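Structure first, commentary second.
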Amino acid sequence: MRSRTVTALVTESQIAAPLGELQSKHPDVDIGSYPFARDGRVGTSLVVRGTNISSLDSLQVAIRDLVHELGGELIDE
């Protein structure tokens, strides 16, 4: 099992529906969201898990693009 994480300043409620759509298109990958609050800001860590590295990499890019479309800010960790 492998994983990729995208951490962003976007609320879980903002990204939940689009993540659900991605999940339905990629049933072989698990997508999880983990909300957090840091320094007075709210965000979500978005984790994709699976065994197909290519799928994980493409989903990581898709989630990063989604964060940008929603007006969120990516956090590099």
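Predicted model only: the values in this text are computed from it and were never measured.
Among residues two or more places apart in sequence or in another chain, the side chain to side chain donor-acceptor pair (under 3.5 Å) test is passed with Ser13 by Thr11.
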Show me the donor-acceptor pairs, under 3.5 Å and distance only, between side chains in residues 67-75 and residues at least two apart or in other chains.
residue : atom : partner : partner atom : Å
Glu73   : OE1  : Arg41   : NH2          : 3.0

For residues 57-66, run the donor-acceptor check on the side chains, cut-off 3.5 Å, and write out each pair with its distance to 0.1 Å, sequence neighbours left out.
residue : atom : partner : partner atom : Å
Asp57   : OD1  : Arg4    : NE           : 2.8
Asp57   : OD1  : Arg4    : NH2          : 3.1
Ser58   : OG   : Ser54   : O            : 3.3
Ser58   : OG   : Ser55   : O            : 3.1

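With rounding to the nearest 0.5 Å, the separation of OG1 in Thr51 from CE in Met1 is 6.5 Å.
Within the structure, every pair that satisfies the side-chain hydrogen bond (donor to acceptor under 3.5 Å, both in side chains) test and touches residues 24-37, not counting sequence neighbours, is listed here: Glu12-Ser33, Tyr34-Arg49.
Closest non-hydrogen pair, Ile31 versus Leu19, comes out as CG2-CD2, 3.9 Å. Ile15 and Val10 make their closest contact through CD1-CG1, 4.3 Å (heavy atoms, listed as atom of the first residue, atom of the second, distance).
In the hydrophobic cluster analysis, where Ile, Leu, Val, Met, Phe, Trp and Tyr join through side-chain heavy atoms closer than 4.5 angstrom, Leu46 is grouped apart from Leu9. A single hydrophobic cluster is not seen to contain both Val47 and Val29; linkage of ILVMFWY side chains at heavy-atom distances under 4.5 Å, directly or through other members, places them apart.
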